[in-house]
J.: 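Encoded as structure tokens, here's the structure I'll be asking about.
Reminder, nothing fancy here: chain letters follow the sequence lines and each chain counts from 1.
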Amino acid sequence: MASSVITNEEIAKILREIGEYLEMEGEAFKPRAYEKAAEAVEALAEEVREIYKKGSLKALENIPGFGVSITEKVEELIKTGHCRYYEQLKKKIPVNLGELSAVGGLGSKNIKRLYQELGIRNLKELEKSARAGKIKNLEGFGEKSEENILRGIEFLKQSGGRFVLGLVMPEINGIAQQLRNLKEVKKLEVAGSVRRWKETIGDVDILAVSNKPKAVMDFFVSLPQVARVFAQGETKSAIKLKNGMDVDLRVVSENSYGAALNYFTGSKDHNVALREIAIKKGYKLNEYGLFKGKKPIAGRTEKEIYKALGMDYIEPEMREMVGEIGFAQKHQLPKLLDYGDIKGDLQVQTNWTDGVNSIEEMAIAAMSRGLEYIVITDHTKRLAMTGGLDEKRILKQMAEIDKINLGFRVKGLGFRILKGTECDILKDGSLDLSDKILEKLDVVGVSVHSLFNLSRKEQTERIKRTMNNPNVDIVFHPTGRLIQRRAAYEVDMDEIIKIAKKTGTILEINASPERLDLRDQHIRMCVEAGVKMSVDSDAHSISHFGFLEYGIAQARRGWAAREDIINAWPLEKMLNFLKNK
DNA sequence: GCCGTTTTCGGCCCGACTGTTTTCAGTCG
């Protein structure tokens, strides 16, 4: 039989849909089991088919949430591309679950009823029935339900449902600040996936302390950005913004603030695990606190809750149910890289190629953000559309950098501009600049900007070859993905990490909000393998240095400590490390 | 269907709000 090339995304989708079908059947716990397995697959850095290829059934069973039954079904999917169990379920209720359950407010139970009573199978048919006024006549549905469905469809059409964090963060911060400015608000924090710095978010959860919640809620639902109000109560309100993003606001008492912050920060699975631990200790944990019977044990701060549960405090970026609970119980959590730890930026573009600002402008902007140095890494000639540098122009740029540095020294500024490149990797893994030039640079970064469709083997070999070049220091944005726009190219990251360790090559955590490349699971693999990384803004203008924060957050999501990130080290130590490659 | 300091059977997180209902199911996080 032809071997199938099913991806993790496809496997997760099928597992999740099996869960939804089982929910329609009224099963109580199986749906959650399938959902958990789907989440585990999505969190994997490695393709499930590769795990199976290497370790067969045994290796699959080691995936969290995979028992006998799910392992069997996933094996079938890998081998044949089909799962008979899934297809049987699908035959009974042949609907496009992905489409329909993306409609807000519409769950499995109602999807089933809409199919059985109106024959609705997909978004288009749902819209048609809703517009024809057929849904409101069903028992249990009504005018409002029908309206909500239509609005849900409208939203899906324009947004796709999730937002890239870095693109919506300014608006979120703006709303949070307006709320903080109210005299009725004593304390306020953005929780949820925003606080965990997930790369994309589905909605925003804001938490506040106030003794006049009604005034806060009234202000919140009448913000000018509000497109509609879903719910307005004393403790909880929910709105949709004009850009399509949902925002929830919860108001709690001071005594519950820590418990609520913990609860609304999630992740959901992390919270479930905490509650289970609470139960085992004879407590009950909810958003109001940790209780023994009716007696409150903890709740004002998150720290006291973790402590009462016998654990160390867990940073929000780690709360993804990827082993953090066990480490916290054993008091073995790493001390994460901090937001103030980055001393310099190793990838900066200027107006010599596709950047907006001059070398000097970029340097001054970096300085004003508290950085001690930047590396100028303009593109090379193969990237013709950016005006990439050839040997002659990069030599000229190096002279220019010397001149600016001299000017800084004269003024008594300690800031340094280093010479570098973002050199294109050619098809065969050779480079777009000669070794003679590369030798003269302080930092050599290399990037794949072409031939994204090479086979996994060719792409991996291509990048490996550059890493074996002693002049190459860093692989920039190692997987090439653009969040929500372009998938990563096929590359064997296990192998890349192995070679990085062997050759002392740095792998970049590109902080640009649409890249965040390496992704969190790959960072964790590097940390475990002892491979060093850098956090770079990839700035193309002076405002882009602000991206570093997203890169630091990403590093923290991958459990990186200061010693894992070379541009968190003193400059001389970093340069020595690169020299000794 | 998974899982194990409650361990191979019997549990599995908990509460707010809505909409359509006279007491609750569905959805969400």
Side-chain angles (χ1 to χ4, degrees), chain A residues 15 18-40 61-74 85 100-114 135-149 152 191-194 196 201-207 213 217 229-239 246-252 256 259-260 262-291 310 321 326 329-330:
Chain A
L15 291 175
I18 291 175
E20 286 183 66
Y21 279 124
L22 292 170
E23 203 167 297
M24 291 180 194
E25 314 250 299
E27 289 278 359
F29 297 104
K30 289 182 191 180
R32 185 71 191 123
Y34 278 94
E35 194 190 333
K36 269 182 133 159
E39 280 163 9
E61 276 174 4
N62 285 333
I63 298 171
F66 273 49
V68 175
S69 178
I70 289 180
T71 301
E72 206 172 74
K73 291 178 181 83
V74 171
Y85 180 64
L100 292 176
S101 50
V103 177
L106 198 53
S108 313
K109 296 268 166 61
N110 284 332
I111 290 173
K112 180 184 184 183
R113 289 201 46 216
L114 290 170
I135 291 175
K136 65 172 182 282
N137 297 328
L138 293 184
E139 204 187 316
F141 289 83
E143 290 278 355
K144 284 261 168 89
S145 318
E146 195 169 85
E147 273 171 39
N148 284 340
I149 285 171
S193 45
V194 175
R196 303 199 314 277
I201 59 168
D203 63 4
V204 181
D205 296 288
I206 301 177
L207 187 68
M217 294 305 192
V229 178
F230 290 114
Q232 183 180 6
E234 283 276 301
T235 63
K236 175 187 166 171
S237 295
I239 58 171
D246 290 344
V247 185
D248 284 8
L249 175 62
R250 307 273 186 146
V251 176
V252 298
S256 300
N262 183 250
Y263 180 67
F264 294 117
T265 296
S267 66
K268 192 177 161 196
D269 288 338
H270 179 90
N271 290 140
V272 169
L274 290 184
R275 287 180 181 211
E276 284 169 358
I277 291 167
I279 290 168
K280 278 178 195 152
K281 291 191 180 289
Y283 300 144
K284 183 175 85 162
L285 179 63
N286 60 27
E287 57 261 56
Y288 300 108
L290 183 67
F291 299 91
M321 209 50 192
Q329 286 174 318
K330 284 183 251 158

J.: Residues two or more places apart in sequence or in another chain: which of them pass side chain to side chain contact (heavy atoms under 4.5 Å, CB included) with A259(A)?
T.: I305(A)
J.: In whole Å, measure the gap between the P atoms of dG11(B) and dA16(B) for me.
T.: 26 Å
J.: Is there a donor-acceptor pair under 3.5 Å between the side chain of E146(A) and the backbone N or O of K136(A)?
T.: yes
J.: Please find the pair of heavy atoms, one from G19(A) and one from P31(A), that lie closest to each other, and give the distance.
T.: O-CB, 3.4 Å
J.: Select from K236(A) and V272(A) the residue whose nearest nucleotide in DNA chain B is closer to the 5' end of that strand.
T.: V272(A)
J.: List the residues meeting side chain to side chain donor-acceptor pair (under 3.5 Å) with N148(A), not counting sequence neighbours, and say none if there are none.
T.: R228(A)
J.: Would you tabulate the nitrogen or oxygen pairs shorter than 3.5 Å linking the protein to nucleotides 24-26 of chain B?
T.:
| residue | atom | partner | partner atom | Å |
| --- | --- | --- | --- | --- |
| dG26(B) | O3' | N110(A) | ND2 | 3.1 |

J.: What distance separates L290(A) CG from I277(A) CD1, expressed to the nearest 0.5 Å?
T.: 11.0 Å
J.: Check each residue of residues 18-32 of chain A for a non-hydrogen atom within less than 4.0 Å of any atom in DNA chain B, then write out the ones that pass by number, or none.
T.: F29(A), K30(A)
J.: Got a sec, which residues hit side chain to side chain contact (heavy atoms under 4.5 Å, CB included) with L138(A), two or more places apart in sequence or on another chain?
T.: R113(A), L114(A), E117(A), L118(A), F141(A)
J.: In whole angstrom, give the distance that lies between atom CD of E146(A) and atom C1' of dT20(B).
T.: 14 Å
J.: Could you tell me which non-hydrogen atom of L100(A) sits nearest to which non-hydrogen atom of L106(A), and how far apart they are?
T.: O-CD2, 3.8 Å
J.: Once you round it to whole Å, what is the distance between P of dC14(B) and CZ of F291(A)?
T.: 12 Å
J.: State whether S145(A) places a side-chain N or O below 4.0 Å from either non-bridging phosphate oxygen (OP1 or OP2) of dG19(B).
T.: no
J.: With sequence neighbours excluded, what pairs up with S101(A) under the side chain to side chain donor-acceptor pair (under 3.5 Å) test?
T.: E20(A)
J.: What integer number of Å spans the C1' atoms of dT21(B) and dC14(B)?
T.: 23 Å
J.: Can you tell me, in whole Å, how much space there is between the P of dT18(B) and that of dC12(B)?
T.: 29 Å
J.: Tell me which nucleotide among dT18(B), dG1(B), dA16(B) gets nearest to the side chain of E287(A).
T.: dA16(B)
J.: What residues form a salt bridge (Lys or Arg N to Asp or Glu O under 4.0 Å) with E23(A), not counting sequence neighbours?
T.: none
J.: Does a side-chain N or O of K73(A) approach OP1 or OP2 of dG1(B) to a distance below 4.0 Å, or not?
T.: yes
J.: By a strict heavy-atom criterion of less than 4.0 Å, which residues belonging to residues 275-286 of chain A are in contact with DNA chain B?
T.: R275(A), E276(A), I279(A), K280(A), K284(A), L285(A), N286(A)
J.: Could you give the distance separating dT8(B) and dG1(B) at their C1' atoms, to the nearest angstrom?
T.: 14 Å
J.: When you match L106(A) and Q232(A) each to their closest nucleotide on DNA chain B, which lands nearer the 5' end?
T.: Q232(A)
J.: Which pairs with one or both residues in residues 266-283 of chain A pass side-chain hydrogen bond (donor to acceptor under 3.5 Å, both in side chains), sequence neighbours excluded?
T.: R32(A)-D269(A), H270(A)-Y306(A), H270(A)-E324(A)
J.: When you compare dT22(B) with dC28(B), how far apart are their C1' atoms, in angstrom units rounded to a whole number?
T.: 24 Å
J.: Within this structure, what is the CD-to-P distance between E139(A) and dG19(B), rounded to whole angstrom?
T.: 18 Å
J.: Could you measure between the two C1' atoms, the one in dT20(B) and the one in dG26(B), and give it in whole Å?
T.: 11 Å
J.: Heavy atoms only, 4.0 Å cut-off, all strands: where does Y263(A) land among base, sugar-phosphate and nothing?
T.: base
J.: Going by distance alone, is a donor N or O of one side chain under 3.5 Å from an acceptor N or O of the other, for S69(A) and K73(A)?
T.: yes
J.: To the nearest Å, how far apart are I206(A) CD1 and dA16(B) P?
T.: 20 Å
J.: Would you mind telling me which of dG19(B), dG29(B), dA16(B) lies closest to the side-chain atoms of D248(A)?
T.: dG29(B)
J.: Taking the C1' atom in each of dC13(B) and dT27(B), what is the distance between them to the nearest angstrom?
T.: 16 Å
J.: Is dT8(B) paired to anything, Watson-Crick or G-U wobble with both distances less than 3.5 Å, and if yes, which nucleotide?
T.: none
J.: Ignoring backbone atoms, establish whether Y288(A) has a side-chain N or O less than 4.0 Å from OP1 or OP2 of dC13(B).
T.: no
J.: Using side chain to side chain donor-acceptor pair (under 3.5 Å) as the criterion, list what pairs up with K30(A), not counting sequence neighbours.
T.: none
J.: Please enumerate all residues that pass side chain to side chain donor-acceptor pair (under 3.5 Å) together with T235(A), with sequence neighbours excluded.
T.: none
J.: Take the protein atom CZ of R250(A) and the nucleotide atom C1' of dC14(B), then report the distance between them rounded to whole Å.
T.: 11 Å
J.: Could you check whether K268(A) gets within reach of a base, just the sugar-phosphate, or nothing at all, counting any heavy atom under 4.0 Å?
T.: base
J.: Measure from CD1 on I201(A) to C1' on dG29(B) and round the result to the nearest Å.
T.: 14 Å
J.: Rounded to the Å, how far apart are K144(A) NZ and dT21(B) C1'?
T.: 14 Å
J.: Figure out the CZ/C1' separation between F141(A) and dT27(B), and round it to whole Å.
T.: 12 Å
J.: Which residues pass the side chain to side chain contact (heavy atoms under 4.5 Å, CB included) test with F291(A), sequence neighbours left out?
T.: N286(A), Y288(A), P296(A)
